[in-house]
Amino acid sequence: MSLQRRGYACISLLTGRSTNHTCTLRTASPERLRALIQQNLDELRAILEHNLEHGWRLFRIGSSVIPFGSHPVNQIAWWREFERELQSIGAFARENGMRLSFHPGQYTVLSSPDPLIVERAVAEIAYSARFLGALGLDARHKIVIHLGGTYGDKPAAMNRFSDTIARLAPELRQRLVIENDERSYTPADALAVSRRTKLPVVFDNLHYISNPGEGDVDELLGDVFATWHTRDGAPKVHFSSQAAGSRIGHHSADVDPAEFKAWVECWSAHGDFDLMLEAKNKDLALLELEKNL
DNA sequence: GGAAGTCAAGTCTCG
DNA sequence: CGAGACTTGACTTCC
């Protein structure tokens with residue numbers, strides 16, 4: 001098997017730790033924000049140490065690791081105030097061959113026709129890139145984004161997305177990777193945007209199942225893996241199972257080992273890759289899965 | 001201390 | 001055209 005690394009997102013259920021502690025906008029104060037940042041960094045370190053014990057070398061950092069990290073309410077120069085902690089966490093990750101990432105949510109939309117929304121999306125990406133930079137991690141440590149809305153004209157939206165990418169500072173652009181989604185953008189769409197932007201493509205199995213688009217899956221995977229170059233690190237994929245009886249696209253608590261094996265076999269045909277497990281049960285689901293491999 | 005209500009943000013669908 | 005879903009946890013308020 002060519003699998004290199006496995007990991008999960010944001011929260012460790014086994015240790016009860018999270019990188020996502022935050023507050024509401026109303027209650028945000030510099031003191032409150034500093035305390036939350038400190039807590040999130042402490043728990044991030046603890047999670048990485050826990051992950052190392054299990055051999056999990058992939059981890060997604062929660063987008064509120066710095067609460068309101070791209071919002072004007074947060075004026076803290078956290079990259080300076082917490083420089084020592086950040087450097088130390090980053091060194092731990094590097095020394096242990098770990099790969100960290102961000103995945104901004106549904107509100108980060110680079111394809112929007114509204115320049116203000118694009119500006120806010122860029123701010124979110126800039127904050128995420130600054131965090132990974134403050135850890136001292138290179139461009140193999142990625143920020144995964146979706147292509148956003150279609151606004152009734154998908155080609156036009158893809159053009160706006162590509163134009164915005166072209167205008168980004170290189171230190172932001174080099175971190176970005178694009179993912180196929182469950183309703184609008186298929187892997188083939190992501191590949192088309194990748195040809196224009198040179199951004200690598202993350203393949204998500206569950207999104208593919210609900211929104212496969214055109215093309216043979218094996219051919220698509222070959223093209224998707226080829227979008228990753230040495231400077232980007234190994235190709236990344238997202239794996240999850242559909243929650244039974246739930247809406248299409250809803251992540252299940254755990255994952256089906258047989259389905260996992262089938263996808264891993266599929267991906268392995270195209271070379272090494274890193275796998276992010278997206279399950280409600282987080283590291284608990286990963287542990288259960290590995291028991292059954 | 002537990003339960004219920006609320007939360008920065010965008011897009012899309014439905015009524 | 002406005003409300004709610006999406007997806008989701010965690011914070012905040014209320015009792």
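Quick note on labels: first sequence line is chain A, next is B, and so on, each numbered from 1.
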query = For atom P, what is the distance between C:dG4 and B:dT6, given to the nearest Å?
reply = 12 Å

ask   = Between atom CG in A:Asn281 and atom P in C:dG9, what is the gap in whole Å?
value = 10 Å

ask   = Does DNA chain C take part in any stems of at least 3 consecutive Watson-Crick or G-U pairs (both distances under 3.5 Å), and if so, which ones?
value = B:1-7 with C:9-15, B:10-15 with C:1-6

query = What is the distance from CZ of A:Phe161 to P of B:dG10, rounded to the nearest Å?
reply = 17 Å

ask   = Is the shortest distance from a Lys or Arg side-chain nitrogen in A:Glu85 or A:Arg45 to a carboxylate oxygen in the other one below 4.0 Å?
value = no

ask   = What is the distance from CG of A:Asn74 to C1' of B:dA9, rounded to the nearest Å?
value = 15 Å

Interatomic distance where NE2 belongs to A:His146 and P belongs to B:dC12 [whole Å] = 14 Å

query = Across the strands shown, which category fits A:Ser112 at heavy-atom distances under 4.0 angstrom: base, sugar-phosphate, nothing?
reply = sugar-phosphate

request  = Determine the interplanar angle of the A:His50 and A:Trp56 rings, folded into 0 to 90°, and report it as parallel if under 30°, tilted if 30 to 60°, perpendicular if over 60°.
outcome  = perpendicular

key: Summary of protein contacts for nucleotides 10-15 of chain C, nucleotide by nucleotide, where a base hit scores B, a sugar-phosphate-only hit scores S (4.0 Å, heavy atoms)   = SSSS--

message = Any carboxylate oxygen within less than 4.0 angstrom of a Lys/Arg side-chain nitrogen, looking at A:Glu171 and A:Arg130?
response = no

ask   = Can you tell me how far P of B:dG10 sits from CZ of A:Arg160, to the nearest Å?
value = 15 Å

inquiry  = Check A:Arg99 with A:Asp274, please: is the shortest side-chain N to carboxylate O separation under 4.0 Å?
reply    = yes

inquiry  = Any side-chain N or O of A:Thr150 below 4.0 angstrom from OP1/OP2 of B:dT11?
reply    = no

inquiry  = Do the side chains of A:Glu83 and A:Arg80 get close enough for a salt bridge, i.e. N-O under 4.0 angstrom?
reply    = no

inquiry  = Checking the side chain of A:Thr19 only, and the main-chain atoms of A:Gly62 only, is there a donor and an acceptor separated by less than 3.5 Å?
reply    = yes

message = So, does A:Tyr107 get its side chain near the phosphate of B:dT11, meaning an N or O under 4.0 Å from OP1 or OP2?
response = no

P spacing across the pair C:dA5 / B:dC7, given as an integer number of angstrom = 15 Å

ask   = C:dC14 and B:dA8: how far apart are their P atoms, nearest whole angstrom?
value = 16 Å

query = Just how far, in rounded Å, is C1' of B:dG10 from CD1 of A:Ile117?
reply = 6 Å

request  = Examine A:Arg5 relative to A:Phe273 and say whether NZ or CZ is less than 6.0 Å from the centre of the six-membered ring and inside a 45° cone about the ring axis.
outcome  = no

ask   = Between A:Lys280 and C:dT7, does any side-chain N or O lie under 4.0 Å from OP1 or OP2?
value = no

request  = Between B:dC12, B:dA8, B:dT11, spot the one nearest the side chain of A:Glu124, thanks.
outcome  = B:dA8

message = Under the criterion side chain to side chain donor-acceptor pair (under 3.5 Å), I'd like the reasoning laid out for A:Glu182 against A:Ser210: C-alpha separation, chi angles, the key distance, then a yes or no.
response = CA-CA 6 Å; A:Glu182 76 265 37; A:Ser210 51; over 6 Å; no

inquiry  = Between B:dG10 and C:dC11, how far apart are the two C1' atoms, rounded to whole Å?
reply    = 22 Å

inquiry  = Is there a side chain to side chain donor-acceptor pair (under 3.5 Å) between A:Thr186 and A:Asp189? Walk through the geometry before answering.
reply    = CA-CA 5 Å; A:Thr186 65; A:Asp189 292 331; 3.2 Å; yes

task = Measure from CG on A:Asp181 to P on C:dT7 and round the result to the nearest Å.
result = 11 Å

task = Can you tell me, in whole Å, how much space there is between the P of C:dT7 and that of B:dC12?
result = 15 Å

ask   = Taking 4.0 angstrom as the limit, do A:Arg196 and A:Asp163 come out as a salt bridge?
value = yes

request  = Please state how far atom CG in A:Leu33 lies from atom P in B:dA8, giving the value in whole angstrom units.
outcome  = 12 Å

